Each structure stands twice: as structure tokens, then as C-alpha cells.
Amino acid sequence: MDVRFRSIVLRSFAAECKESSEKGEKGENVLAHAFSPLSLPSPPATMHSIRSVLDDTTLTGTTVTVAGWVRTFRNDRFIALNDGSTVRNLQCVIDQEQVDEATRARLTTSAAVRCTGTIVESKGGGQRVEMQVSEVVVLGDSDGEKYPIQPKKHSLEFLRENAHLRFRTSTFSAVFRIRHQVSFGIHAYFDQHGYNYFHSPIITASDAEGAGEMFRVTALADTKGTDPAEDFFGRVTNLTVSGQLEAELAATALGKVYTFGPTFRAENSNTARHLAEFWMIEPEAAFMDIQGNMDLAEDLCKHLIARVLEKSMDDLQFLDGRLADEEKQKPQQQRSEMGLIDRLKFVLENPFERITYDQAIDILLRSKPYQKKQFQFPVEWGIDLQSEHERYLVEKHFNKPVIVTGYPAQIKAFYMRTNGPDDLGYSDKGPTVAAMDVLFPGIGEIIGGSQREERLDMLEARMAEMGVPTEQLWWYLDTRRFGTVPHAGFGLGLERFVQFVTGMGNIRDVIPFPRTPGNAEF
RNA sequence: UCCUCGGUAGCUCAGCUGGUUAGAGCACCUGACUGUUAAUCAGGGGGUCGCUGGUUCAAGUCCAGCCCGGGGAGCCA
């Protein structure tokens, strides 16, 4: 809605309230008024979504109205109409005697139209029902010569350059309906499990989180030679790279919390799995250890996959077919044996493999590619697992999601809990921490988390060791000074998860308007 | 940021070892079509071959620099 229009509606509503109260009406009447949609035009009773027309068998034989955008217009007679409610189109059949030639000429790709007609069983083979149109109104013309999206297969790169229109394609409408289901499912899952949705700040002053380069936030036109004390907040501020530290503060009072918001990284990353602006979900729970953390991560992933299978089957079927076509182009060796839907069901039905870093190194050292010297990077205890190593574990050795715990302390963040001899992931090869990475086939790291170091002396020692300034994080350390408890949490990359569920290969194709180095057009 | 591949019509791409007026399919325009499924058929318009410079009788094709994009790597979610 136009902002000015909305303010007018609000003002007139306020005026009505004033009037009502002046007339001495009861407060509840005013309230009832507030929730009635009087100020908005209601759709006609016969208006239906295309999804309901296609699925609701009781509508056959009735007259309904639908509105959407023309996908194709064939044989001067058949409109394939899509309104975004489903990936499927409604075939609207027009009678040439009822619709004049001038109107038919305006039924171009992506024109907005409203059709009224009777739902009948289709004479053609491609669909169960179709609409026998009695009236068609063009609501918005679309100049076919200038409209860039054609009824044919476009490259994803081309559609990325036309990101403002790509939602009108089957692929992208399917992806974004599924993104909605995943997002909504995350809130539903945590709500059902007693977690509080916690809004961690977007602008932060701490740059000690160690999660990468940050975007500076300033109200100054030029920061050169200016004391940060002169700036808006009186100090250096940045866009958040993680809400974790703040979530920990909340978890040590509310018990269970999760954040769900945008996160920013100013890394010069040019890959199919990195964005400068992405959405992250970070649950944090008091009295939860690394084992509980793994259980939560696995259960959440499976819950979300189950939800998408339940709510978005037609979108998944479309994406499954799209992926199968793509696979056909590849040489036989590179093809994956499972389709998208089979893959989702497989992940849902099988437990994630859980191994320690020690075991991971062991498996890699005994692997064929290692012995044939096919790995580009060395494998030895103490170094981080490279992409090729993670891929081997997930895609070759186990062929399912894998959770790796007990990484060497030196390669992980300061807040992770140091393992003792009785802890999971303890190693006699060197100090390890209660970190966990959830690795998914085709995507890599989808979740990174840990049990946090709750012991003040241990935490301070690690911060000193890693050069993290304790003065700046006095508020974080206070949680360890006053009623500290074991607690744990993780970060789930929304886009990476959506990539897995939709089978999209590039992360830029699962976020509406991707932000990457040199790219912020829309 | 590094490695690698690419940039030819609105889109997807062909154009061999330099050699006449640079091609195809789709899209678009005109016409045909009352059961099509990315409809089909006939005809038509449409190009500074990413940019700049160089080699050559001759450059889309070879060389150099720059710009942009894909894939891989690092950073991570």
C-alpha cells in the first residue's frame, strides 16, 4: 500500500475513533471497529486462487473469477494463467465470438488479466480442469517486445540480472514459496519447543566476534580523520555478523531463545554459497550441552524438511523435474543417483552421522583419494577440514548429513567450551573444543555451533590466548560471573538450507535480491 | 583476493587453422489456425561480434591491458 494512502486511512480511522468516543460509545465497540476491514475493498465472493480452483473438486461446474499473469497464450484460444498461489497454471479457454480481436491481441506474456468463467473438466490432456471463460479483462498490459522474460528456458545468470521480474518464472516462484515455508516453519518449530523469538541488534559495537570483516555504520559523510567519539553512537559501530553473544545473554535468563534476522559480512567472497547479506537463525539454550545441541540441530532440519514435503509438494515436483533435466546434461559420472524429493525423504528417514574430528581425520587418512594423492590439501591433525575433505566425508564416505564435533581449539572461536577427558570429542593429540559443524551433501556447512565456555577462568584464558579484548566484552563475561550455566547454540544459514531443499546450486538464487561484492542493483 | 573458463541479435548459442554481404532456434511484427500444452505453419525486421590499443593487405577469429559474468578455492552460515 502506498504510504500516503495508509496514513490517510489511519488518520480517518483515528478521526472515527474520536467521533465514537465523543458519542460516548463503549471502548469495545471502537476495538471491534478497529479489526473490521471496512477501509479496505473486499474481493468479490467468487474470487478464487488458482491453487484452490485446481485442487478443490467442489468448484467444478461453478462460475468463479481468477486474476493473474499470462504465462503463454496459445492458438489464439488458450491462456496459461498463473497467480503465484501455485506453480501450476490454470488453462483459461476463451471463445473467439465472445472475446474481440483487440482484447486477444493484448493477452501477451506477463499481461495481468482477470478471467471469469465456469470450471469444467478439461478436454485437453495436460490438466484435470480448465476454465471456460465468459469474461476476460486486461488489468495491465505487457509490451511483448520489451518484456525480457520469454516462455522458454532462461539461464539463471540472465534471470539474476532481471531479479525484479524473475519471481514470474516457475522456478523462482517455487523457490520463494518454499523459502516462506522454511521461514515460517522455523518460527513454528521454536515456538512449539518453548523458545522465545529474540531480536538481537543489527547495529553492534563489538568487533570481537571473529566472524569476519564487518560493514562500518556511520552517520558521518566522511570518517577520515574524525574521532569515532564524534559519530552518531559516540563509538565505532558495525552491522552485525552474528547475534550469538546477545542471544547468550538472553538465554541465561529466558532459558531458550532464538534469533532470526539478517546478518552482514563484508568479505570479498565470490562463491555460490556466500552472500554479504544473509539470514541466520541462532538458537541458544541454557542447560543444553553439545549432545543436546546436535539433537536440536538434527530435529530442526528434519522438521523443516517434513514441513516442506507436506506443504510444498507441487513446487518440489516442479523443482525435482527441473533438476532432473539439468542432470541429463551432465556426464554420467557426475549425476547423482537420487532426485530432489528422494533426497529429502532419505535425509528425513535416516539419522545424521555423528563423528569426532579425530575420527574424521582417521577416515580421510585411510581414504582412496588420500592414498592416491588426489587431495589438493594435506590431511593432518590440527588443520581445518578443507571443502574437498568435507565433500569426501559427506558425499562419498557416508552419503548423508554428517555432524563433526571436537575440533582442535586453535582453529575455532574463543567462546567454545574446552573439552576435558570425559567430554565428547576429547583428543590425546591436542586440546579440542565442543564445536559442531553440520555438513550437508552438495552444500557443505549448513550449521556451525558449539557448547559455550561457561567457566569464567577458562574463558578469560582463551580470550587472552586468542587476543580477544576482555574490556570490550565486560557484559558478555558478566553472564559467567553471575549464575553461569552450561549452555549451547548454533547458527543455521537460512539460504543454505533453502538451497538444499530446493536443489538450487547458487545461493544467489534463493534470496530475493542477493548482495554480493559489486552487486546491489535492486 | 587467487586459479580457470567465457562475453557474437532481446534470449540461448554456432562461427574450423585470420579471407566476400556474420548464421540458427526462440522472442518480436504481419498473415493463417476453435483443442493447444515452451502450440504449429508461411513471410519480415533486428548486430559498434564487452571496451581500448596493437599485429596484418585483411581481425568476431591472433596479441596486450581493462571491464563484466560463470565455475573452483580461501573466509564462513
Side-chain angles (χ1 to χ4, degrees), chain A residues 71-80 88-99 104-105 108-110 120 122-127 130 132 142-162 169-170 209-213 241-244 259-282 297 325 376-377 384-391 411-413 437-440 443-449 490-500 505-511 516-519:
Chain A
R71 281 291 167 78
T72 60
F73 181 45
R74 290 183 294 267
N75 208 354
D76 215 21
R77 188 167 161 75
F78 302 99
I79 307 169
R88 292 166 290 159
N89 301 325
L90 177 66
Q91 172 151 284
C92 301
V93 187
I94 61 173
D95 195 326
Q96 292 187 353
E97 281 162 20
Q98 282 190 34
V99 181
R104 275 182 275 143
T108 52
T109 304
S110 226
V120 295
S122 180
K123 289 178 195 164
Q127 52 282 315
E130 63 191 19
Q132 195 63 52
S142 172
D143 185 342
E145 201 165 357
K146 291 177 185 145
Y147 182 67
I149 315 289
Q150 295 158 24
K152 70 164 198 174
K153 198 166 158 45
H154 281 290
S155 70
L156 295 172
E157 294 82 42
F158 170 75
L159 291 169
R160 225 170 278 153
E161 285 163 21
N162 290 281
T169 65
S170 299
E209 290 157 40
E213 292 294 311
V241 292
S242 162
Q244 183 204 313
T259 71
F260 188 161
T263 308
F264 308 89
R265 306 264 166 99
E267 301 287 343
N268 191 4
S269 296
N270 290 290
T271 79
R273 57 182 187 286
H274 288 90
L275 291 164
E277 177 184 288
F278 64 100
W279 289 67
M280 187 154 66
I281 296 92
E282 295 177 289
D325 285 348
Q376 202 188 326
F377 292 90
D384 209 355
L385 300 178
Q386 301 291 319
S387 271
E388 58 178 0
H389 304 143
E390 294 180 350
R391 288 185 95 118
I411 56 170
K412 288 291 180 181
D437 281 0
V438 180
L439 309 174
F440 264 50
I443 313 286
E445 186 178 344
I446 217 159
I447 286 175
F490 58 79
L492 165 68
L494 175 69
E495 285 77 16
R496 288 190 183 171
F497 192 83
V498 175
Q499 265 190 282
F500 177 74
N506 194 312
I507 200 165
R508 298 169 194 200
D509 298 328
V510 298
I511 189 166
T516 52
N519 191 340

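A, B, ... follow the sequence lines: proteins, then strands. Residue 1 opens every chain. Just so you know, these numbers come straight off a predicted model, no measurement behind them.
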Side chain of A/Met280 only, please: which of B/rA77, B/rG35, B/rG10 is the nearest? B/rA77
Would a 4.5 Å heavy-atom cut-off, applied to side chains only, mark A/Tyr147 and A/Thr108 as touching? no
Can a donor-acceptor pair under 3.5 Å be found between the side-chain atoms of A/Glu267 and the base atoms of B/rU1? no
Please work out if A/Leu275 contacts a base, only the sugar-phosphate, or nothing of the nucleic acid, heavy-atom cut-off 4.0 Å. base
Under 4.0 Å, counting only non-hydrogen atoms across every strand here, what does A/Gln91 touch: a base, just sugar-phosphate, or nothing? base
Just call it for A/Glu157: base, sugar-phosphate, or nothing, with non-hydrogen atoms closer than 4.0 Å on any strand. sugar-phosphate
Non-hydrogen side-chain atoms of A/Ile149 and A/Leu159 separated by less than 4.5 Å: yes
Is A/Phe278 stacked against the base of B/rA77, taking the criterion as centroid distance under 5.5 angstrom and interplanar angle under 30°? yes
Can you see whether A/Arg74 engages A/Thr72 through a side-chain donor-acceptor pair at a distance of less than 3.5 angstrom? yes
Can you see if the side chain of A/Arg496 gets near the phosphate of B/rC76 - specifically, an N or O under 4.0 Å from OP1 or OP2? no
Min side-chain heavy-atom separation A/Arg160-A/Asp509 under 4.5 Å: yes
Tell me the interatomic distance from A/Phe490, atom CZ, to B/rA77, atom P, rounded to whole angstroms. 13 Å
